[in-house]
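Numbers here simply count residues along the sequence, with the first being 1. Just so it is clear, the model here is predicted, and its values are computed rather than measured.
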Amino acid sequence: ENKNNTVTFLGALAKDKGVEDAIDTFGLLSKNKNLSFWIIGKGGAMYVARLKKKCKSLGIEKRVKFWGFVSQQEKFNLLSKTQILINPSLKEGWGLVNIEANAMGTPVVAYKSDGLIDSVKNNVSGILVEENKPIFLAKEVFLLLENKKRLVKLSLDSIKWSKKFEWSKSRKLSLNLIENL
């Protein structure tokens, strides 16, 4: 078990990907003193500055690490060290990041959004929250961190779930989606 006490957001740093909700969730989770928060993905310089300011106003700036853009290899390395990925995206083609996290044994706590409901199998590869608000993400993450046995089971089931998606197949899916946009 080489996982850090880390909750991670992975995606483009854009409003509709839910990064602001992710930071609000981190703020709520920061009551748990030994958690760190990672934000992996790139965004415009001005927007990133605004996000960092938001972290500061919530008093969590010392516990949030902005990784920026990372290589595929580094991404999987970071995911393998993450305890839980949160995905508060409101608009998602399909949610490949969820499967990538699952492949590393990291369950996902996600919003019930189109796309995410296909890539997160509730209570198997992660948890779909009852309402798309940071408070519900935080609640489910807290409950998971409290219940180590459930977290381990989700972690193992995540790996099995991810194996259903051969990468070639999901890559083709992504390419088709991009072409159809």
Side-chain angles (χ1 to χ4, degrees), residues 1 3-41 51-52 54-67 78-92 94-162:
E1 178 75 347
K3 302 228 176 231
N4 303 345
N5 281 338
T6 305
V7 178
T8 297
F9 169 89
L10 167 63
L13 306 190
K15 207 172 172 60
D16 64 0
K17 292 289 182 193
V19 63
E20 293 180 37
D21 280 13
I23 290 172
D24 285 331
T25 303
F26 293 159
L28 294 164
L29 288 170
S30 67
K31 295 174 182 72
N32 179 336
K33 289 297 167 243
N34 58 5
L35 276 182
S36 313
F37 308 110
W38 290 349
I39 294 177
I40 307 168
L51 295 175
K52 288 182 172 170
K54 184 174 173 71
C55 292
K56 215 184 175 100
S57 73
L58 292 170
I60 57 173
E61 75 278 8
K62 290 192 170 58
R63 288 160 69 184
V64 178
K65 182 164 170 56
F66 283 81
W67 289 88
L78 292 172
L79 286 173
S80 73
K81 294 186 165 77
T82 292
Q83 261 189 316
I84 297 169
L85 183 80
I86 58 167
N87 194 334
S89 181
L90 290 166
K91 215 171 70 198
E92 200 54 69
W94 190 72
L96 184 62
V97 296
N98 301 329
I99 305 300
E100 292 176 332
N102 291 161
M104 298 292 105
T106 301
V108 182
V109 176
Y111 277 176
K112 263 189 192 141
S113 309
D114 294 343
L116 298 186
I117 52 179
D118 303 316
S119 55
V120 178
K121 190 165 160 77
N122 203 22
N123 290 311
V124 175
S125 70
I127 294 162
L128 292 166
V129 298
E130 49 196 282
E131 212 183 310
N132 291 354
K133 292 192 173 125
I135 186 98
F136 290 97
L137 283 175
K139 185 183 104 177
E140 293 299 344
V141 171
F142 267 129
L143 289 172
L144 262 188
L145 293 171
E146 294 281 279
N147 187 343
K148 286 286 180 258
K149 237 168 89 174
R150 186 172 176 223
L151 188 56
V152 168
K153 185 173 179 356
L154 280 176
S155 176
L156 297 171
D157 289 347
S158 287
I159 294 170
K160 283 187 210 135
W161 168 251
S162 76

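In terms of heavy-atom proximity, Ala14 sits nearest to Val19 at O-CG1, 3.7 Å. Between Leu151 and Gln83, the shortest heavy-atom distance links the atoms CD2-NE2, 3.8 Å. Counting all heavy atoms, side chain and backbone alike, Thr6 lies closest to Trp38 at CG2-CD2, 3.4 Å. In this structure, Ser125 and Leu154 approach most closely via the heavy-atom pair N-CD2, 4.4 Å. Closest non-hydrogen pair, Glu130 versus Phe136, comes out as CG-CD2, 3.4 Å. Counting all heavy atoms, side chain and backbone alike, Pro88 lies closest to Gly18 at CG-O, 3.2 Å.
Remark: Ile135 CD1 is loosely packed, at most 12 non-hydrogen atoms of other residues, nucleotides or ligands lying under 6.0 Å away. The environment of Lys148 atom NZ is dense: over 12 non-hydrogen atoms of other residues, nucleotides or ligands sit within 6.0 angstrom.
Side-chain atoms of Ile23 and Val64, non-hydrogen and from C-beta on, never get closer than 4.5 Å to each other. Using a 4.5 Å heavy-atom cutoff, the side chains of Phe37 and Cys55 are not in contact. Using a 4.5 Å cut-off on side-chain heavy atoms (C-beta onward), Ile127 and Arg150 make contact. Between Leu28 and Pro134 the shortest side-chain heavy-atom distance falls below 4.5 Å. Considering only heavy atoms from C-beta on, Leu145 comes within 4.5 Å of Ile84 through its side chain.
Separating the CD1 atom in Ile40 from the CG atom in Leu79 is a distance of 5.5 Å, to the nearest 0.5 Å. Residue Leu128 holds its CG atom at 6.5 Å from NZ of Lys112, rounded to the nearest 0.5 Å. Atoms CG and OG, on Leu156 and Ser158 in that order, are 8.5 Å from each other to the nearest 0.5 Å. To the nearest 0.5 Å, the span separating CG on Leu51 from CD on Glu20 amounts to 6.0 Å. The distance from atom NZ of Lys65 to atom CD1 of Ile39, rounded to the nearest 0.5 Å, is 11.5 Å. The CG atom of Asn87 sits 11.0 Å away from the CG atom of Asp21 when rounded to the nearest 0.5 Å.
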### Query
Should Arg63 and Phe26 be marked as a side-chain contact (heavy atoms from CB on, under 4.5 Å) after you check the CA-CA gap, both sets of side-chain angles, and the distance that decides it?
CA-CA 9 Å; Arg63 288 160 69 184; Phe26 293 159; over 6 Å; no
### Task
Test Leu29 against Ile60 for side-chain contact (heavy atoms from CB on, under 4.5 Å), laying out the working first.
CA-CA 10 Å; Leu29 288 170; Ile60 57 173; over 6 Å; no
### Query
So Tyr111 and Leu137, side-chain contact (heavy atoms from CB on, under 4.5 Å) or not? Walk me through it.
CA-CA 8 Å; Tyr111 277 176; Leu137 283 175; 3.6 Å; yes
### Task
Walk me through it: do Val141 and Ile86 pass the test side-chain contact (heavy atoms from CB on, under 4.5 Å)?
CA-CA 8 Å; Val141 171; Ile86 58 167; 3.8 Å; yes
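Checking side-chain atoms of Trp161 against main-chain N and O of Ile99 turns up no donor-acceptor pair under 3.5 Å. Ser119 places no side-chain N or O within donor-acceptor distance of the main-chain N or O of Leu96, the cut-off being under 3.5 Å. At least one donor-acceptor pair under 3.5 Å links the side chain of Thr106 to the backbone N or O of Thr82. Asn102 places no side-chain N or O within donor-acceptor distance of the main-chain N or O of Ser162, the cut-off being under 3.5 Å.
Salt-bridge check for Asp24 with Lys133: failed, with every basic side-chain N at 4.0 Å or more from each acidic carboxylate O.
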